[in-house]
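These notes concern the structure reproduced below.
A note on names: the letters A, B, ... follow the listed sequences, proteins ahead of strands, and every chain is numbered from 1.
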Protein chains: 6
Amino acid sequence: MKTCVFAGTFDPVTKGHEAVVKTCLSLFDEVVIAVGVNAGKTPLFTKDERVEMVQKAFVGNDRVKVQTFDGLLVDFMKENGYEINVRGVRNVDDYKYETEMFLYNTDMYPDLKTIYIPANKDSAYISSTALRSLYSAGGDVSNYLPENITEFVKGLLKNK
Amino acid sequence: MKTCVFAGTFDPVTKGHEAVVKTCLSLFDEVVIAVGVNAGKTPLFTKDERVEMVQKAFVGNDRVKVQTFDGLLVDFMKENGYEINVRGVRNVDDYKYETEMFLYNTDMYPDLKTIYIPANKDSAYISSTALRSLYSAGGDVSNYLPENITEFVKGLLKNK
Amino acid sequence: MKTCVFAGTFDPVTKGHEAVVKTCLSLFDEVVIAVGVNAGKTPLFTKDERVEMVQKAFVGNDRVKVQTFDGLLVDFMKENGYEINVRGVRNVDDYKYETEMFLYNTDMYPDLKTIYIPANKDSAYISSTALRSLYSAGGDVSNYLPENITEFVKGLLKNK
Amino acid sequence: MKTCVFAGTFDPVTKGHEAVVKTCLSLFDEVVIAVGVNAGKTPLFTKDERVEMVQKAFVGNDRVKVQTFDGLLVDFMKENGYEINVRGVRNVDDYKYETEMFLYNTDMYPDLKTIYIPANKDSAYISSTALRSLYSAGGDVSNYLPENITEFVKGLLKNK
Amino acid sequence: MKTCVFAGTFDPVTKGHEAVVKTCLSLFDEVVIAVGVNAGKTPLFTKDERVEMVQKAFVGNDRVKVQTFDGLLVDFMKENGYEINVRGVRNVDDYKYETEMFLYNTDMYPDLKTIYIPANKDSAYISSTALRSLYSAGGDVSNYLPENITEFVKGLLKNK
Amino acid sequence: MKTCVFAGTFDPVTKGHEAVVKTCLSLFDEVVIAVGVNAGKTPLFTKDERVEMVQKAFVGNDRVKVQTFDGLLVDFMKENGYEINVRGVRNVDDYKYETEMFLYNTDMYPDLKTIYIPANKDSAYISSTALRSLYSAGGDVSNYLPENITEFVKGLLKNK
């Protein structure tokens, strides 16, 4: 059985993340969505909110598994015996960042296999960072979220 | 069973191609190496030489299958029922080219799944194009070829 | 009255060109589509075919004017008293190329004003060059052409 | 009458901004300089100082109008019935950022027309951000400001 | 006698810095390593720790001289009569940043000569910034430091 | 004595080349301008014309030496005992190309030292390739050539 890991902060989950997970499901038997919990970062949504968001977004799909991790992704993967690291790549800057990380990760975990999933034209410009900016400037981010969590995220945002 | 396709001109096969195929073998059950036979291009090595090169490079591995194709890669994949397209991506320009192709391919074959495999630091600068330039300027390309085809390629080059 | 020039080889006209012209029409009073006739290039479509293609694509719009030019675009513009040069920019490589040209053009014609029109997500990957490759590999390019010239271009391609 | 909007933080106004406005004036009938007032940002110059800076830089030109806006630029433009958004683009990173914004803006305001004005070689490396760094390291930024506000900005900086 | 300056924050010194200094020593008679002391930044290592790190990394080489500077590098160079500014360039983003700085520096100090030293494949992905992130996520950065300061840096990190 | 090599096709010599050589002269004792004579290329100017052009451009400077080479630059450098390879870098694409070459060259000649000289704002957009295009479209290239060869090149062009 092939298991891949798709890690991120998911602050919030976007349609772009959703598309990557769908591709993962057609490539591998199981997808672990690894929600990063970096002490140093101050996300808009709490760890619990982000985990719940991911669970709701992929609810009913028993080949999707949600886990959290702290520290280095490669340490999390090594400890769990995961070897396939899937990265969504939306643009040249994503590509450059991911490739630098890939080189460090390969040094630290030589058995790691890293693959990039390119974004289709409808999600290539959607990033969690941009959605947070859009939200903080008073914009409506609903169209960029997976359809089945739109209401849930709206509810969370009311209390921010 | 998951089968992926890794297509190219392989003019010649390089250590970079070899690394991509190794990663494919750890991700999927079978790898089809699809050797492109574009009428418009004039490769340094003939179609038969390139097919033999690929076969020799991965000889003994029964999960690697070599096929040729003419015309569009997506047409070849559709006709054979292949759905996973693996692309080696060595640098920003590869990334940009592949992503443009990915968008066209997705229009023409919506079921296609495309993934990129980043090059490690030892093969990120190796391209068939650069090796042909190096060769034509009198340089030695042996170090950039898979070890088990070095002698075979040297033999072919003697007659060019 | 403000007149802008949108120049290119239009080999063939694409939906991307069509989108740029539409934006031009909302910005300025008149758009001159300048079809380049470079002796050095060997286009897929003849000069007359390309001119007819542009005319048919924008037929009925009396604010669109079609002209041909040979040699440098800035010389053509100077001779006709045109001062606004509109360039469609689809990606980073277009941007870099156009900016180099902009610097040369500004040296040669200081009164020139150059503006870039970014491509929307549905046409950012469409280029005449890619369409010619797609065609020569046996692909169908119809979806990437302005709707009202699809049949006309198909007819021309039958005789290529 | 065609009105375009040129928005920014103008912290401070630079020769690059001045060049963009000059090009706008040759393209359109009126230029609205929209000074952004983002609660989240802490600019070096106050909102009032930045508005005064812009007014002084283009004083005497009755085709230049200065307004402020908070929140999303597209909301400001919609509310005022403005449809032409002019962006100065100095380099590849500007291009990439603006194109991401263009895609979001087009989703939110389909009637918006966005154009980019490339920077000439003398202002392509001038950004407000770089000038603030230069100033904070003890450098003299005068040469990068519009000539008629050099003294005014020097006066403001004395009190920072 | 030709003296070059290699400036940075060195927070911490990396194998990449070490490689640049080695190249400098084969090009010029003397290398001044200029350790930046920006009041605005909060480095992981103190100024004294960074100076000591640089000294230890190049100990025994009397053609390497360590100095500190505050404010603009060009002011430091002018005051000391230094004219050759060496910059390590690891990737496209370094290149773009350094070239913007080069244009400002040339305006402020026309006699300045700036050269870039490209990173070899083993250090092109090593940056102080990445090492600090790696460290803060619990990773081991030893392999990316000059060998003769590995223990010294480990000792410093114990107290962070 | 430090000798550096500045190699190229010089088809034709430009103000950009002139600026690189001037910087070389302030960095090193001697500059070898190595004029490439690739059998595969068909330059606008003959080998003899290009050599004469370089000689005339730097006439009277006895620290500039002109040589020709065929085949690989690193072979030429090794044979002559040259170790410092200077490359002019005008933009991101130059940077990427040169860095790929640097990696190959380092494999083939580990003692080689490669440095890049960034172009100033007045020559960053000047390339021999662009000048040949400009010329073939009927443009005047004089302003982009070193002043003391303008007439000489004009004379050569009359016979092309």
Side-chain angles (χ1 to χ4, degrees), chain B residues 5-11 32 34-43 47 50 67-83 85 87 89-116 127-129, chain C residues 8-9 11-20 41-45 87-100 116-147 149-150 153-154 157-158 160:
Chain B
V5 172
F6 176 45
T9 307
F10 302 103
D11 185 37
V32 172
V35 180
V37 187
N38 278 31
K41 280 193 181 179
T42 318
K47 170 190 156 179
R50 289 180 286 129
Q67 288 185 259
T68 60
F69 74 102
D70 199 355
L72 290 176
L73 175 61
V74 285
D75 288 339
F76 165 77
M77 291 187 68
K78 258 196 252 182
E79 283 155 22
N80 287 274
Y82 300 138
E83 295 201 347
N85 184 24
R87 308 299 300 156
V89 170
R90 305 173 312 113
N91 54 41
V92 164
D93 291 318
D94 273 9
Y95 168 77
K96 289 187 292 192
Y97 174 77
E98 292 300 338
T99 300
E100 190 172 308
M101 290 308 299
F102 159 71
L103 295 170
Y104 279 111
N105 289 342
T106 301
D107 285 349
M108 293 186 283
Y109 186 14
D111 285 340
L112 190 76
K113 280 94 196 160
T114 300
I115 67 174
Y116 300 162
S127 68
S128 296
T129 305
Chain C
T9 308
D11 185 38
V13 181
T14 68
K15 274 191 176 162
H17 297 132
E18 191 184 30
V20 172
K41 281 194 182 180
T42 318
L44 176 60
F45 298 96
R87 309 299 300 157
V89 170
R90 306 174 311 114
N91 54 39
V92 164
D93 290 317
D94 273 10
Y95 169 76
K96 289 188 292 192
Y97 174 77
E98 292 300 338
T99 300
E100 190 172 308
Y116 300 162
I117 310 245
N120 59 48
K121 65 189 175 190
D122 291 318
S123 60
Y125 61 108
I126 305 177
S127 69
S128 296
T129 304
L131 296 193
R132 290 195 307 274
S133 297
L134 190 54
Y135 164 74
S136 75
D140 178 8
V141 303
S142 309
N143 290 330
Y144 304 110
L145 306 174
E147 277 183 31
I149 62 163
T150 306
V153 175
K154 269 188 188 163
L157 285 173
K158 265 182 201 144
K160 298 282 161 188

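Side-chain N/O atoms of C:Y125 and B:T99 include no donor and acceptor closer than 3.5 Å. The closest side-chain donor-acceptor pair between C:T9 and C:D11, if any, does not fall under 3.5 angstrom. C:E100 and C:Y95 share no side-chain donor-acceptor pair at under 3.5 Å.
For chain B, no part of C:S133 is nearby; none of its heavy atoms comes within less than 4.5 Å. B:M108 touches chain C through its side chain: at least one heavy atom from C-beta onward sits under 4.5 Å away, while N, CA, C and O do not. Of the two parts of C:N91, only the side chain, counted from C-beta on, holds a non-hydrogen atom closer than 4.5 Å to a non-hydrogen atom of chain B.
At most 12 heavy atoms of other shown residues, nucleotides or ligands fall within 6.0 angstrom of atom NZ in C:K158.
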